[in-house]
Number of protein chains: 2
Amino acid sequence: MKTHAVLRMTKQRQIILEELCKLKSHPTADEMYQILRRKMPRISLGTVYRNLEILSDCGMIQKIDVGGTQKRFDGNADIHYHIRCLRCNKVEDIEIEPDKKLENTARQLSKYTVLRHHTEFIGICPSCLAASPA
Amino acid sequence: MKTHAVLRMTKQRQIILEELCKLKSHPTADEMYQILRRKMPRISLGTVYRNLEILSDCGMIQKIDVGGTQKRFDGNADIHYHIRCLRCNKVEDIEIEPDKKLENTARQLSKYTVLRHHTEFIGICPSCLAASPA
DNA sequence: CTACTTGCAAAAAATTTGCTGCTAT
DNA sequence: ATAGCAGCAAATTTTTTGCAAGTAG
């Protein structure tokens with residue numbers, strides 16, 4: 001266990017942070033890699049993974065570990081809820097005010113030290129629905 | 001696309017369902033495999049994956065796609081909330097009544113056809129906390 | 001300077017799949 | 001009978017890691 005390394009703001013880290021914050025979508029690591037390669041063709045997928053991990057550990061971005069096979073990342077570090085399409089796996093924000101009181105309820109009902117909570121809605125997005133209303 | 005195969009209750013499928021329902025924990029596919037091998041040594045990991053998938057598609061069990069690297073499965077098919085330990089990744093039930101009204105709010109605020117929602121609390125479990133209170 | 005970081009490639013971890021023979025219905 | 005299923009092994013997919021060279025502070 002290393003004792004708090006000093007974080008360096010490398011070009012790669014900065015561009016990863018910038019590009020992610022520009023997006024309102026919630027890309028996977030590989031989607032970020034594809035985007036980043038356009039600006040920085042030699043960047044490696046390993047670097048993307050390592051930095052997304054580090055930035056979310058620092059609280060500068062969020063790792064969203066909701067459904068789907070791949071992890072997704074969110075440039076908005078504030079707590080907010082998400083909605084995911086069951087068909088295409090797209091993840092979007094949903095403007096429901098997170099209920100912090102819920103965490104107090106959880107504290108009373110469990111022996112865990114409750115840190116946070118996250119709610120994900122699951123549904124069918126308009127474009128998937130249009131594609132096959134079945 | 002295949003048109004609704006008839007589901008067979010094989011020995012393997014049955015024992016997977018039984019053993020999962022016995023547990024109050026939420027094992028990963030591999031954890032299930034380890035448990036099942038004790039009763040059925042020749043069962044394969046592929047079979048475990050295939051059946052957990054099929055059973056959750058049928059709504060007989062739940063796939064819980066929350067944080068952590070592996071998917072977890074829950075023999076309790078009723079909707080309920082979970083709490084996950086940030087350190088050991090254990091997932092347990094939490095006795096908070098799911099708020100179905102939230103889904104109506106979501107319907108009003110988004111263009112998705114909202115099907116369900118899930119809330120996950122994140123914290124530190126008592127045993128991890130005891131192990132290192134830092 | 002020097003620890004942290006990168007690109008690259010290889011490895012590991014997690015899950016899915018093709019196939020052949022078996023079995024529930 | 002026969003469509004679906006199991007076991008096995010190989011393939012994919014997703015993520016992590018070791019290492020030598022580069023770089024921010």
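Below, read A as the first sequence line, B as the second, and so on, with proteins coming before strands; counting in each chain starts at 1.
Rounded to an integer number of Å, the gap from CZ of A/R72 to P of D/dT15 is 10 Å. Rounded to a whole Å, the CZ atom of B/R13 is 14 Å from the C1' atom of D/dG7. Whole-Å rounding puts the B/Y33 OH to C/dA14 P distance at 15 Å. The distance from atom CD of B/E53 to atom C1' of C/dA14 is 13 Å, rounded to the nearest whole Å. B/L36 places its CG atom 12 Å from the P atom of D/dA6, with the value rounded to the nearest Å. Between the C1' atom of C/dA11 and the CG atom of A/L45 lies a distance of 14 Å, rounded to the nearest Å. Across the protein-nucleic acid pair, B/I54 atom CD1 and C/dT15 atom P stand 16 Å apart, rounded to whole Å. Look at CD on B/Q14: it is 15 Å from C1' on D/dA6, rounded to the nearest Å.
OP1 and OP2 of D/dA6 both lie 4.0 Å or more from every side-chain N or O belonging to B/S44. The side chain of B/T69 places no N or O atom within less than 4.0 Å of a non-bridging phosphate oxygen (OP1 or OP2) of C/dA13. Put simply, A/Q12 has a side-chain N or O that comes within less than 4.0 Å of OP1 or OP2 on C/dG7.
When distances are taken from the side chain of B/Y49 to each of D/dT14, C/dA14, D/dC5, the shortest belongs to C/dA14. Out of C/dT6, D/dA6, C/dC8, the shortest distance to the side chain of B/N51 is found at D/dA6.
At a threshold of 4.0 Å, the pair A/K100-A/E103 counts as salt-bridged, since one of the basic side-chain nitrogens sits closer than that to a carboxylate oxygen. We find that B/K22 and B/E18 are not joined by a salt bridge, their nearest charged nitrogen and carboxylate oxygen being 4.0 Å or further apart.
Each of A/R42 and B/K63 was assigned the nucleotide of DNA chain C with the nearest heavy atom; the assignment lying further toward the 5' end belongs to A/R42.
Using a 4.0 Å heavy-atom cutoff across all strands shown, B/D30 reaches no nucleic acid atom at all. B/I43 comes within 4.0 angstrom of the backbone, heavy atoms only, and of no base. A/R50 comes within 4.0 angstrom of a base, heavy atoms only.
No option in B/H117, B/E120, B/E95 other than B/H117 meets the side chain to side chain donor-acceptor pair (under 3.5 Å) test with B/Y81. When each of B/Q12, B/Q14, B/R13 is tested with B/N51 by the rule side chain to side chain donor-acceptor pair (under 3.5 Å), just one qualifies, namely B/R13.
Using bins of under 30°, 30° to 60° and over 60° for the plane-to-plane angle, the ring pair B/H82/B/H118 lands in the tilted bin.
For A/R116 (side chain) and B/I122 (main-chain N/O), no donor-acceptor pair under 3.5 Å exists by modelled atom type. Between the side chain of B/S110 and the backbone N or O of B/R107, no donor-acceptor pair lies under 3.5 Å.
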Open item on the list: Base contacts versus sugar-phosphate-only contacts with protein, heavy atoms under 4.0 Å: please encode nucleotides 20-25 of chain C as B, S and - from 5' to 3'.
Closed with: ---BBS
